[in-house]
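For reference, the structure is listed below as structure tokens.
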Amino acid sequence: MSLTIATWNINSVRLRIGNVERFLKLRKPDVLCLQETKCPDEFFPHQAFEALGYKHRLIQGMKSYNGVAILSKVPFTATKIHHRCGKEDCRHIEAALDTGNDPILIDNLYIPAGGDIPDPGVNDKFAHKLEFYREMAEWFAERRPKPRMRKGLRRIAVGDLNVAPLEHDVWSHKQLLKIVSHTPMEVELFGNMMAAMDWIDVPRRFVPENEKLYSWWSYRNTDWRKSNRGRRLDHILATPALSSAIRSHHIDVDMRDWEQASDHVPVLATFDV
DNA sequence: ATGTCTTATTGTATAAGA
């Protein structure tokens, strides 16, 4: 079966539920992973998703900040809510998708943005971000399939990881080296997390590393398209067991122009599972 | 880099986070 996964930092699911519905009708992903829902669970707009066939929903939200959700047409065989760095701040949920074959595990992540100053000694938010990356690398390493497991493990991780790892994941590598999201320290920890599970960077399977690729443009630019000072903060990662199943990818850049747009646009990938 | 958007509140202006 064909499986399309989308990830989107929605920056308030209630404010932008109209845009979510429009996106789902347009792209019809099988699974949508949202971050920054900013919505306590009791207020989550379930009916909008139910009406469009997303009958399987795992949500973990809170007041004001953060919040993640997995909305799926595909049933779950298991779900988990994870607490990271000793906090309960709604940043990691996990579901097993019932694809008929081995279930595919999907992690939906909202990694801390990290504040403005890239120094963990003076900026607690940056320290939290680094700690989150270290914890994820360790957690994935513990789940890495043993060499004797020849078929490997089918796992997909998506979300707003708040790091643009490659030179051409930002508009100016040189000018952003000291800007949080592209500092060498963050990029190194991102790399450690990638190595922990041998993750494949799915969009970069299709777009060469010397081409610009972004999923986020700041609200602070008056004309985002003209200045085009973007960053690739939103990611889709897949394990080697899914390597031959990867079919296509798409970043919905034009959605940055939609009425009352999020500052992030959806990233999609299709697998033949 | 600048400077915008969202949420919440000792609220109709301000602060915090991104």
Side-chain angles (χ1 to χ4, degrees), chain A residues 7-20 23 33-45 48 59-69 84-85 87-92 108-120 122-133 158-165 167-187 190 212 214-235 253 255-267:
Chain A
T7 178
W8 191 10
N9 179 320
I10 192 60
N11 187 15
S12 175
V13 68
R14 283 177 289 179
L15 188 70
R16 277 180 249 287
I17 191 64
N19 279 0
V20 174
F23 167 73
C33 294
L34 295 175
Q35 304 87 36
E36 282 204 270
T37 54
K38 298 187 175 179
C39 181
D41 292 348
E42 59 268 34
F43 302 129
F44 192 85
I59 61 170
Q60 181 71 348
M62 60 188 281
K63 199 156 104 171
S64 299
Y65 309 116
N66 311 339
V68 283
R84 296 272 157 239
C85 305
K87 300 175 189 285
E88 295 194 9
D89 57 356
C90 309
R91 292 177 181 275
H92 182 195
N108 183 13
L109 286 161
Y110 175 53
I111 295 187
D116 287 330
I117 304 165
D119 178 352
V122 299
N123 175 3
D124 291 344
K125 291 179 218 162
F126 193 69
H128 180 207
K129 183 178 197 176
L130 302 184
E131 185 54 34
F132 201 108
Y133 265 99
V158 307
D160 178 0
L161 308 186
N162 268 312
V163 169
E167 276 197 42
H168 294 286
D169 290 337
V170 295
W171 61 278
S172 168
H173 171 63
K174 254 185 142 169
Q175 284 175 262
L176 287 166
L177 275 170
K178 291 179 179 171
I179 302 297
V180 169
S181 75
H182 194 62
T183 64
M185 203 186 310
E186 291 165 87
V187 170
F190 184 97
K212 296 290 185 191
Y214 311 139
S215 65
W216 173 89
W217 293 260
S218 171
Y219 284 124
R220 296 177 189 181
N221 294 309
T222 42
D223 187 338
W224 71 274
R225 202 186 277 277
K226 193 176 166 197
S227 58
N228 199 21
R229 294 180 166 188
R231 302 178 205 169
R232 187 168 69 110
L233 303 178
D234 304 277
H235 297 271
V253 172
M255 286 180 55
R256 187 64 180 76
D257 264 340
W258 282 13
E259 186 98 6
Q260 206 168 27
S262 169
D263 46 353
H264 297 252
V265 296
V267 180

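Given the structure is predicted, the values throughout are model-derived calculations rather than measurements. Proteins come first, then strands; the chains are lettered A, B, ... in the order of their sequence lines, and each starts at number 1.
The structure places NE2 of A:H128 at 10.0 Å from CD1 of A:I111, a figure rounded to the nearest 0.5 Å. Here the straight-line distance linking atom CZ of A:R231 with atom CG of A:N162 works out to 9.0 Å at 0.5 Å rounding. The distance from atom CZ of A:R14 to atom NZ of A:K38, rounded to the nearest 0.5 Å, is 11.0 Å.
Residues satisfying the side-chain hydrogen bond (donor to acceptor under 3.5 Å, both in side chains) test with A:S12, not counting sequence neighbours, are none. Applying the ring-ring contact (aromatic ring centres under 6.0 Å, His included) rule to A:H235 yields the partners A:F190; only residues at least two apart in sequence or on another chain are considered. With sequence neighbours excluded, the residues that form a ring-ring contact (aromatic ring centres under 6.0 Å, His included) with A:F23 are A:W8.
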Polar-atom pairs under 3.5 Å, protein N or O versus N or O of nucleotides 9-12 of chain B: list them with distances, or write none.
unit_1 : atom_1 : unit_2 : atom_2 : d
B:dT9  : OP1    : A:K63  : NZ     : 3.0

Report each atom pair, protein N/O against N/O of nucleotides 13-18 of chain B, whose distance is under 3.5 angstrom.
unit_1 : atom_1 : unit_2 : atom_2 : d
B:dG17 : OP2    : A:K125 : NZ     : 3.4
B:dA18 : N6     : A:R220 : NH2    : 2.4
B:dA18 : N1     : A:R220 : NH2    : 3.3

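Nearest heavy-atom pair, A:R256 versus A:S218, reported as atom, atom and distance to 0.1 Å: NH2-O, 3.2 Å. Between A:G61 and A:D41, the shortest heavy-atom contact is N-OD1, 2.7 Å. Contact detail for A:L109 and A:L161: the closest heavy-atom pair is CB-CD2, 3.9 Å.
A gap of 22 Å separates the C1' atoms of B:dT2 and B:dT7, to the nearest Å. Comparing the C1' positions of B:dG3 and B:dG17 gives a spacing of 14 Å, expressed to the nearest Å. Only the P atoms considered, B:dT6 is 22 Å distant from B:dT10, to the nearest whole Å.
Between A:N228 and A:K212, every side-chain heavy-atom pair lies at or beyond the 4.5 Å cut-off.
Counting only N and O atoms by type, the side chains of A:N9 and A:Q35 include no donor and acceptor under 3.5 Å apart.
What separates CG of A:L15 from C1' of B:dA8 is a distance of 14 Å, to the nearest Å. Distance A:K226 NZ to B:dT2 C1': 15 Å, rounded to the nearest Å. Following rounding to the nearest Å, A:I10 (CD1) and B:dT6 (C1') show an atom-to-atom distance of 13 Å.
B:dT12: glycosidic angle within 90° of 0, hence syn.
Residue A:R16 places at least one side-chain N or O under 4.0 Å from the OP1 or OP2 atom of B:dT6.
Of the residues in residues 177-184 of chain A, none lies under 4.0 Å from DNA chain B by heavy-atom distance.
Residue A:R256 is out of contact with every strand shown, counting any heavy-atom pair closer than 4.0 Å.
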